[in-house]
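Taking it in order: structure first as structure tokens, then the write-up.
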Amino acid sequence: MSMPALFKGRLSIPVIGSPLFIISVPDLVIAQCKAGVVGSFPALNARPAALLDEWLARITEELAAYDRAHPERPSAPFAVNQIVHRSNNRLEQDLALCEKYKVPMMITSLGAREELNQAAHRWGGIVFHDVINQFFAHKAIEKGADGLILVAAGAGGHAGTISPFAFVSETRSWFDGPIALSGAIANGRAIRAARVLGADFAYIGSAFIATKEANAVEAYKDMITKSGADDIVYSNLFTGVHGNYLKPSIVNAGLDPDNLPTSDPSKMSFGTDASGERAKPKAWKEIWGSGQGIGAIKDVVPAAELIARFKKEYDEAIDPPL
Ligand SMILES: Cc1cc2nc3c(=O)[nH]c(=O)nc-3n(C[C@H](O)[C@H](O)[C@H](O)COP(=O)(O)O)c2cc1C
């Protein structure tokens, strides 16, 4: 196990609040970092692109002010998520802003790029890349990523299918750098379990949707608090890539979550809207993403309160005697 120097003395628990499309905004990132967990957001959440400059200025300034006031317990570093995919035409521009603010940590998804890793290293940042299998894990490290995010079965959003037990142990057989484990982690005992398995960090997304600072509609937050693993369906219908979604949101969109077609979504019929156009429910806006761990989330609370609960559970979690 290896925790990079960047995090030493700055975490209350070994947690990275993962980037969530639409949902992760500066209020949530700042609250997470002040409470001692890495806060992150996708650069694409700042729209229009010029807003990213404002967001980075605000996050940097507020965390620096916090650190001056609390030198004994400085905030956790923050991270920016870059979608490294040819559809992302903002990548160069967003990367230049990350360089301007010397963003401490970059999280890359949907493609590993050597130049991005090198650029982050030049300004003193580190890069974690998220992967769903060993092939992509090797590729990420070959291209110069510093750490791996293992997206195991049950994770919210675009998820993998590999058991966390197999995923961490196979990765640890060849990689001794930092590993964050993701997938259905939503309480302190599970954070402890991730460490026992051999990961350095738990990488947590869905649990943070039900926080006051998250940019999600109340009905979505409410659905997270009322749902459990049985309410999650794994489908490639909405984006073309397999992901985990809340069944009740699929019902609300007029579809049967237990009988979703699995073939090419572009050929599926979703009925027609008022203008006669084919109406397909929008992933993320109408079809809500979530991992399987949300049975542990019962209330919408400030992020600091959720993190305090995680810490208490993490401290109390021990292996009972035989
Ligand atoms: C609603 C939602 C949106 C997400 N958006 C992104 C994203 O923009 N970029 C990304 O790298 N991962 C995204 N993810 C995946 C998370 O970063 C993370 O891998 C996942 O939430 C971890 O599993 P958990 O939700 O069970 O904790 C998203 C997940 C959810 C639930």
Side-chain angles (χ1 to χ4, degrees), residues 15-25 28-29 32 37-47 79-85 87-88 90-91 94 105-112 127-132 136 140 145 148-162 164 167 179-188 190-191 193-194 199 201-211 214-217 220-221 223-224 227-229 231-235 238-239 241-246 249 282-297 306 310:
V15 167
I16 298 171
S18 72
L20 302 167
F21 185 54
I22 302 173
I23 296 162
S24 310
V25 288
L28 178 59
V29 174
Q32 288 171 321
V37 313
V38 176
S40 70
F41 67 97
L44 293 174
N45 276 6
R47 285 165 203 237
V80 172
N81 171 224
Q82 295 285 8
I83 307 289
V84 185
H85 188 259
S87 63
N88 180 4
R90 282 176 45 173
L91 186 60
D94 289 350
M105 180 177 182
M106 304 292 289
I107 293 172
T108 52
S109 19
L110 293 180
V127 183
F128 279 32
H129 187 66
D130 80 357
V131 296
I132 55 163
F136 289 118
L148 292 172
I149 297 159
L150 307 182
V151 184
H158 292 152
T161 54
I162 296 178
F167 209 173
I179 288 180
L181 176 63
S182 143
I185 299 175
N187 61 59
I191 298 166
F201 303 92
Y203 188 79
I204 302 181
S206 300
F208 284 107
I209 298 172
T211 59
N215 182 39
V217 293
Y220 188 177
K221 296 183 183 185
M223 199 179 283
I224 293 274
S227 302
D231 300 305
I232 304 299
V233 65
Y234 187 63
S235 170
F238 307 107
T239 67
V241 178
H242 271 96
N244 282 312
Y245 300 93
L246 282 158
S249 72
K282 285 201 177 74
W284 317 118
K285 274 225 156 105
E286 286 172 80
I287 305 295
W288 295 333
S290 172
Q292 292 176 354
I294 51 169
I297 305 299
L306 179 65
F310 285 167

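Both ligands and their constituent atoms are indexed starting at 1 by order of listing. Residue numbers count from 1 along this sequence.
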**Prompt:** Is it true that the side chains of S109 and N81 contain a donor and an acceptor less than 3.5 Å apart?
**Reply:** yes

**Closest protein heavy atom (residue, atom, distance) for atom 23 (O) of ligand 1** = G156 N, 3.1 Å

**Request:** Around atom 30 (C) of ligand 1, find the nearest protein heavy atom and jot down its residue, atom name and distance.
**Result:** L20 CD2, 3.5 Å

**Item:** Residue among V15, I107, V29, I16 satisfying side chain to side chain contact (heavy atoms under 4.5 Å, CB included) with V38
**Value:** I16

**Request:** Could you tell me which non-hydrogen atom of P19 sits nearest to which non-hydrogen atom of S40, and how far apart they are?
**Result:** N-OG, 2.9 Å

**Prompt:** Counting each atom of ligand 1 from 1 as listed, which ones have a heavy atom of I204 under 4.0 Å away?
**Reply:** 27 (O)

**Complete:** Closest to atom 27 (O) of ligand 1 (heavy atoms only, candidates G160, G205, G243, A190) is G205

**Prompt:** Can a non-hydrogen atom of S24 be found less than 4.0 Å from any atom of ligand 1?
**Reply:** no

**Prompt:** Side chains of F167 and L148: closer than 4.5 Å at any heavy-atom pair?
**Reply:** no

**Message:** Taking 4.0 angstrom as the limit and counting only heavy atoms of G154, give me the atoms of ligand 1 inside it, by number and element.
**Reply:** 26 (O)

**Request:** Considering heavy atoms of the protein only, find what lies nearest to atom 25 (O) of ligand 1 and give residue, atom and distance to 0.1 Å.
**Result:** S206 OG, 2.5 Å

**Request:** Examine distances only and state if a side-chain atom of N244 and a backbone atom of G291 form a donor-acceptor pair shorter than 3.5 Å.
**Result:** no

**Prompt:** In terms of residue, atom name and distance, what is the protein heavy atom nearest to atom 22 (C) of ligand 1?
**Reply:** S182 OG, 3.3 Å

**Asked** How close do L20 and N45 get, heavy atom to heavy atom, and via which atoms?
**Response** O-ND2, 3.0 Å

**Message:** Please check whether Q292 reaches ligand 1 - meaning an N/O of the residue sits under 3.5 Å from an N/O of the ligand, judged on distance alone.
**Reply:** no

**Item:** Where ligand 1 meets S109 - atom numbers and elements under 4.0 angstrom, heavy-atom basis
**Value:** 10 (C), 11 (O)

**Prompt:** Looking only at heavy atoms, what is the nearest atom pair of I132 and A159, with distance?
**Reply:** CG2-C, 4.2 Å

**Request:** Indicate yes or no: at least one non-hydrogen side-chain atom of L150 is less than 4.5 angstrom from one of P164.
**Result:** no

**Complete:** Quick note on ligand 1: atoms under 4.0 Å from a heavy atom of A184 include exactly 24 (P), 26 (O)

**Contact atoms of ligand 1, heavy-atom distance to N81 under 4.0 Å** = 7 (C), 8 (O), 9 (N), 10 (C), 11 (O)

**Prompt:** If you measure every N/O of S290 against every N/O of ligand 1, is any gap under 3.5 Å?
**Reply:** no

**Prompt:** Between P42 and ligand 1, which part of the residue brings a heavy atom under 4.0 Å of the ligand: side chain, backbone, both or neither?
**Reply:** side chain

**Request:** Please verify whether a non-hydrogen atom of Y220 lies at under 4.0 Å from ligand 1.
**Result:** yes

**Request:** Give a yes/no on ligand 1: does G293 have at least one heavy atom closer than 4.0 angstrom to it?
**Result:** no

**Request:** Write down the atom of T239, the atom of H158, and the distance for their closest heavy-atom approach.
**Result:** OG1-NE2, 2.9 Å

**Request:** Heavy atoms only: give me the nearest A180-Y203 pair and the separation to one decimal.
**Result:** CB-CB, 4.1 Å

**Protein heavy-atom partner closest to atom 5 (N) of ligand 1 - residue, atom, separation in Å** = F21 N, 2.8 Å

**Message:** Closer than 4.0 Å to some heavy atom of Y203 - which atoms of ligand 1 meet that?
**Reply:** 17 (O), 18 (C), 19 (O)

**Message:** I'd like the name of whichever of P19, A202, G157, G183 reaches closest to atom 7 (C) of ligand 1 through any heavy atom.
**Reply:** P19

**Request:** Specify the closest pair of heavy atoms between Y220 and L246, including all atoms of both residues, with the distance to one decimal.
**Result:** CE2-CD1, 3.8 Å

**Prompt:** Considering only heavy atoms of G289, which atoms of ligand 1 have at least one such atom less than 4.0 Å away?
**Reply:** 1 (C), 31 (C)

**Item:** For D130, atoms of ligand 1 separated by under 4.0 Å from a heavy atom
**Value:** 11 (O)

**Request:** If the plane angle is over 60° it's perpendicular, under 30° parallel, otherwise tilted; pick one for F128 and F201.
**Result:** perpendicular

**Item:** Protein heavy-atom partner closest to atom 16 (C) of ligand 1 - residue, atom, separation in Å
**Value:** S18 OG, 3.3 Å

**Asked** Would a 4.5 Å heavy-atom cut-off, applied to side chains only, mark I204 and I191 as touching?
**Response** yes

